[in-house]
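A quick write-up on the structure given underneath.
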Amino acid sequence: MTDDLLERPPVHALLADGTIARIRPALPGDHDRLRGFYEEMAPENLRLRFFSASRRSGTRAADRACAPAHPGYRALLAETDGRVIGLAEYDTGGEEGTAEERSAEISIAVADGLHHRGVGTLLVEHLVSSARSEGITAFTADALGENHEVLRLFADLGLRTIRRFEGPEVRCTIHLDQDDAYLAAVEARGRAADVASLLPLLRPSTVAVVGAGRTPGSVGRAVLNHLRTGGFTGRLFAVNPSVESVLGVPSHPSVAALPKTPDLVVVAVPAASVPAVAEECGRAGVRALVVVTAGLDRTQAKALLTACRTHGMRLVGPNCLGVSNTDPELNLDATFAAGHPRPGTAGIAVQSGGIGIALLDGLSRLGIGVSSFASLGDKFDVSGNDMLQWWESDGRTDLALLHLESFGNPRAFSRTARRVTRRIPVLTVDAGRTDAGRKAAASHTAAAATRTMTRQALFTQAGITATRSVGELLETAALLHSQPLPEGPRVAVVTNAGGAGVLTADACAEAGLVLPPFTPAVIDDLLAVLPDGASVGNPVDATAAVSEEQLTECVDRLTRCSGVDAVVVALVPTAVAAATGDDLVRALTSAPGRRARPVVAVRLEQDRSVRLMAAADGGTIPSYAEPQAAARALAHAAKRAAWLAQPAGTVPVPAGIESERAREVVEEYLAFHPEGGWLDPRTCAELLACYDVPQMPWAWAETEDDAVLAADRLRGFDGRVVMKAHWPGLLHKSQQRAVHLDLRGDAQIRAAFRDLETRFAGLMTGVVLQPLADRGTELFAGVVQDEVFGPLVLFGLGGTATEVLSNHAARLAPLTDRDVHELITSPRCAPLLLGANGNTPVDLERLEQLLLRLSRMAADLPQLAEADFNPVLATPGGVTVLDARVRLLPRRPQDPYLRRLR
């Protein structure tokens with residue numbers, strides 16, 4: 001094994017039964033433990049592993065795993081509670097192979113009694129990740145034909161596996177391509193393990209509260225009281241050495257003294273005592289902790305997490321409100337919120353306790369209710385990703401609400417969210433949109449602030465409905481919970497008061513919805529049921545004289561109209577309706593069957609921003625106090641419908657990619673520039689060539705004479721050339737006036753060179769010369785490597801206007817074909833590309849290819865800190881990068897999809 005691997009810290013990951021295992025390289029000091037691991041193995045398992053039951057085979061295996069590091073060999077241990085439970089290794093045998101074909105022999109051993117818990121599979125996944133980073137393309141393995149377990153392990157990995165039978169043995173070749181099928185298989189295993197690990201947290205049979213005292217205002221006492229009064233169906237204990245009972249709940253002096261080991265312990269003790277309590281819980285066999293205590297310092301926080309990882313406990317918090325599960329068979333409310341949540345179907349995960357209380361109250365008031373709730377606090381362990389997977393499988397949740405101020409593994413979260421949002425709506429509050437908000441989020445949760453554009457790209461790609469406030473979140477949740485999705489953005493507005501209709505129409509238009517004109521047939525149809533004097537435009541003014549029956553028929557006819565996707569009914573109370581006894585609200589709720597299209601109400605006199613009105617069909621209809629709220633909710637619903645209607649997208653593999661050569665270019669540059677930096681033109685061009693990025697021909701010159709000779713070679717294209725000064729760190733050539741355009745003849749070349757040499761004396765290291773480009777649309781394409789989110793691909797208008805106008809779209813890499821389409825069509829420059837005003841469209845296929853190649857480069861090279869292609873010239877005949885800047889930093893590759901806990 002290499003020094004690089006030895007330096008990597010151990011990681012923790014979940015086995016199939018939810019147990020936490022520690023994965024790390026085998027070290028020389030592990031020899032005795034590994035030898036004991038094999039000595040404890042039954043003879044039959046030894047025979048299946050080594051084709052012989054000899055104990056000497058185990059000793060030799062321990063010798064090999066613990067030998068000094070050598071290239072092409074890896075050995076990984078899995079351990080729980082300090083016990084070795086598995087070993088997996090691969091060895092190339094010292095053979096380098098070609099860049100296209102390099103294989104290694106793999107072997108796996110799992111401790112007796114621990115088969116079928118995913119130990120071997122987890123180890124192999126980590127070996128696959130390590131091997132791919134070393135350029136290994138395939139594993140080979142020999143197994144006895146009767147060794148069904150290891151053969152099934154290889155077959156179920158999700159990787160392409162070829163078997164060849166040779167007598168009693170089977171030769172397996174496992175290709176290590178990390179395609180979507182493999183990632184989906186890893187996700188499925190991770191999801192099952194994740195849900196299993198959360199059972200002690202969200203479905204405990206026994207709960208203890210440590211820190212529940214006699215003081216009425218204490219948090220621990222409040223949590224205990226909630227558990228008691230909420231009707232928790234399991235066993236409940238308090239831990240307090242000073243009393244025998246708290247609130248009638250038996251109390252014991254310590255966790256170890258409890259008559260039954262709890263699945264879940266809620267910790268509400270001073271920060272200094274939290275690590276010791278966590279260690280005691282771990283030693284006692286507790287499986288999950290909720291730490292509500294705030295204010296842990298760095299040492300205390302590290303000790304808490306270490307105790308949880310060492311003893312295999314899942315952790316919510318610290319600095320949190322608690323967790324709840326309203327399943328009537330459980331009635332778990334381990335929080336200190338003001339009241340108990342109403343049982344229902346919405347899952348909630350928040351980092352802010354205050355926002356958690358607001359959402360619990362809001363959903364309970366609306367009648368939607370809560371399926372399960374987790375206040376994640378400082379989010380040391382359990383995350384929004386965990387909760388999404390729980391809701392996906394719990395059979396009760398049909399709506400997910402998130403408020404996350406930070407992301408641990410955004411790319412894993414994105415894959416999970418993309419899958420979950422196809423089944424249930426996932427909504428979030430887009431917190432930290434401003435600099436002030438991001439600073440507040442960072443100080444509030446001790447988390448790194450997330451940049452707005454990367455977070456919005458994540459939400460867009462994952463299909464998450466992002467709102468701007470808690471109120472908007474609840475307003476949208478009410479509509480998504482109660483109404484079918486609209487098929488599009490076309491809205492019909494109906495009102496009994498013209499002014500209310502105008503306000504509603506304005507709100508819909510401002511939210512991006514469309515109010516289409518009605519066809520003559522629809523107009524006649526509506527006039528036939530409305531009172532005299534009604535105006536049947538859009539909005540429809542049914543007048544104050546409209547009756548309950550007439551309004552019902554009008555709304556029903558509009559919901560059956562093919563040119564309408566949703567109906568908004570704006571109502572105001574009138575003396576006319578009161579005199580006739582008509583209840584216009586009942587006109588919306590009394591339909592005997594569920595309407596095919598969404599119907600929402602706007603009632604300006606309503607005292608709450610949103611209510612859900614019970615309907616005759618057993619459902620509900622949302623009613624809003626402001627037309628803006630109704631319009632925002634409908635716009636979010638329309639966007640969700642559009643997202644669901646499109647295919648998920650795939651990640652295309654562009655032809656002509658030389659990833660291995662690109663990695664060599666990066667390594668060679670960083671070997672001479674250990675701190676990284678901006679690439680010189682030659683290295684930059686070489687790197688782009690590895691990805692077949694179309695570049696304008698160019699030449700490098702360091703003297704005036706060299707510039708003349710270079711220009712002569714380039715003049716064959718057009719006769720005119722461009723000269724650009726270069727020195728390390730030069731970013732904005734136009735602003736520095738470091739560019740000369742449209743140069744003709746040797747005299748102009750010499751004059752331009754002397755001008756740049758004079759003005760930038762001591763800085764300039766040379767010049768780049770290029771043919772003068774044809775006319776076309778100047779675009780920008782780039783990458784920013786975000787420390788948290790990974791590579792973000794940006795696209796928009798280029799040239800000198802790119803920073804002034806700042807109209808860019810962004811998506812996280814790797815880009816799917818759908819992402820590329822949205823990148824090209826999102827910015828304001830899209831009409832220029834698509835052929836507005838009768839102009840010829842640019843070469844969209846080559847523009848898509850450029851973005852895919854840029855995405856692949858960013859995904860391949862974690863050292864790629866920034867890449868700016870500006871301008872990119874797009875014409876009907878092609879796409880060319882005129883100027884490129886690339887900055888590298890020394891970064892270690894990290895597999896974002898590898899199963900591991902934070």
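Reckoned from all heavy atoms, side chains included, excluding hydrogens, waters and symmetry mates. Index from 1, following the sequence.
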Might you work through the side-chain contact (heavy atoms from CB on, under 4.5 Å) test for Asp394 and Val195, ending with a clear yes or no?
CA-CA 9 Å; Asp394 70 355; Val195 171; over 6 Å; no
Working to the nearest 0.5 angstrom, can you tell me the gap between Ile348 CD1 and Ser324 OG?
7.5 Å
Where do Glu392 and Arg419 come nearest, in terms of heavy atoms and distance?
OE2-NE, 2.8 Å
Looking only at heavy atoms, which two atoms of Ser352 and Val350 are closest? And how far apart?
O-CG2, 3.3 Å
Going by the angle between their ring planes, with limits at 30° and 60°, are His340 and His226 parallel, tilted or perpendicular?
tilted
Rounded to the nearest 0.5 angstrom, the NZ-CZ distance for Lys302 and Phe380 is 12.5 Å
So among Arg189, Arg900, Arg899, Arg314, which one has a salt bridge (Lys or Arg N to Asp or Glu O under 4.0 Å) with Asp194?
Arg314
Under 3.5 Å: donor-acceptor pair, side chain of Thr293, backbone of Val269:
yes
Start with the C-alpha gap between Ile368 and Thr345, add the side-chain angles, then the distance that decides, and say whether side-chain contact (heavy atoms from CB on, under 4.5 Å) holds.
CA-CA 7 Å; Ile368 297 174; Thr345 59; 4.3 Å; yes
Could you tell me whether a side-chain N or O of Asp361 sits under 3.5 Å from a main-chain N or O of Ala358, the two making a donor and an acceptor?
no
Would you say that Val323 contacts Phe373 through its side chain, given a criterion of any heavy-atom pair below 4.5 Å between the two side chains?
no
Could you grab the distance from atom CH2 of Trp390 to atom CG of Leu202, nearest 0.5 Å is fine?
5.0 Å
Non-hydrogen side-chain atoms of Met41 and Phe37 separated by less than 4.5 Å:
yes
Heavy-atom distance under 4.5 Å between the side chains of Leu363 and Leu401, does that happen here?
yes
Rounded to the nearest 0.5 Å, what separation is found between the CZ atom of Arg287 and the CG atom of Leu201?
11.0 Å
Closest non-hydrogen atom pair, Val186 against Tyr897:
CG1-O, 3.9 Å
Taking 4.0 angstrom as the limit, do Glu79 and Arg24 come out as a salt bridge?
yes
When you measure from the side chain of Ser218 to the backbone N and O of Arg214, does any donor-acceptor pair fall under 3.5 Å?
no
Heavy-atom closest contact (Ala212 atom, Val246 atom, distance)
O-CG2, 3.6 Å
How close do Tyr73 and Tyr90 get, heavy atom to heavy atom, and via which atoms?
CD1-O, 3.2 Å
Do Leu34 and Leu77 come close enough that some side-chain heavy atom pair is under 4.5 Å?
yes
Arg203 with Asp263: basic N within carboxylate O range, under 4.0 Å:
no
Any heavy-atom pair between the side chains of Asp32 and Arg35 that's under 4.5 Å?
yes
side-chain contact (heavy atoms from CB on, under 4.5 Å) for His115 and Asn45? Distances and angles first, verdict last.
CA-CA 11 Å; His115 293 264; Asn45 286 335; 4.0 Å; yes
So, Ser133 side chain and Ser130 main chain: donor-acceptor pair closer than 3.5 Å or not?
yes
Kindly determine whether Cys320 and Val292 satisfy side-chain contact (heavy atoms from CB on, under 4.5 Å), including the steps that lead there.
CA-CA 5 Å; Cys320 72; Val292 299; 4.2 Å; yes
Check: Asp378 side chain, Asn319 main-chain N or O, donor-acceptor pair, under 3.5 Å:
no
With a 4.5 Å limit on heavy-atom distance, are the side chains of Leu399 and Ile424 in contact?
no
Leu289 side chain reached by Cys308 side chain, heavy atoms, under 4.5 Å
yes
Residues Glu279 and Arg283 bridged, charged N to O under 4.0 Å
yes
Check: Thr428 main-chain N/O paired with Thr467 side-chain donor or acceptor under 3.5 Å
yes
For a side-chain hydrogen bond (donor to acceptor under 3.5 Å, both in side chains) check, start with the C-alpha distance between Thr416 and Asn385, then their side-chain angles and the critical distance, and finish with the verdict.
CA-CA 7 Å; Thr416 299; Asn385 199 45; 2.9 Å; yes
Test your reading of the model: is there a side-chain donor-acceptor pair from Thr326 to the backbone of Pro341, 3.5 Å cut-off?
no
Kindly say whether Asp327 contributes a backbone atom to a donor-acceptor pair with the side chain of Asn325 at under 3.5 angstrom?
yes
Taking the side chain as everything from C-beta on, heavy atoms only, tell me whether Pro259 gets closer than 4.5 Å to Arg235.
yes
Quick check against the 3.5 Å criterion: does Thr397 have a side-chain atom that pairs as donor or acceptor with the backbone of Ser371?
no
Give, for atom OG1 of Thr233 and atom CG of Leu330, the distance between the pair rounded to the nearest 0.5 Å.
5.0 Å
Start with the C-alpha distance between Arg117 and Thr19, add both sets of side-chain angles, then the distance that settles side-chain hydrogen bond (donor to acceptor under 3.5 Å, both in side chains), and finish with yes or no.
CA-CA 9 Å; Arg117 290 177 58 183; Thr19 302; 3.1 Å; yes
May I ask you to decide if Gly58's main-chain N or O and Arg49's side chain share a donor-acceptor pair within less than 3.5 Å?
no
What is the distance from atom CG of Leu127 to atom CD1 of Ile108, rounded to the nearest 0.5 Å?
8.0 Å
Minimum heavy-atom separation for Gly295 to Gln300, with atom names?
O-OE1, 4.1 Å
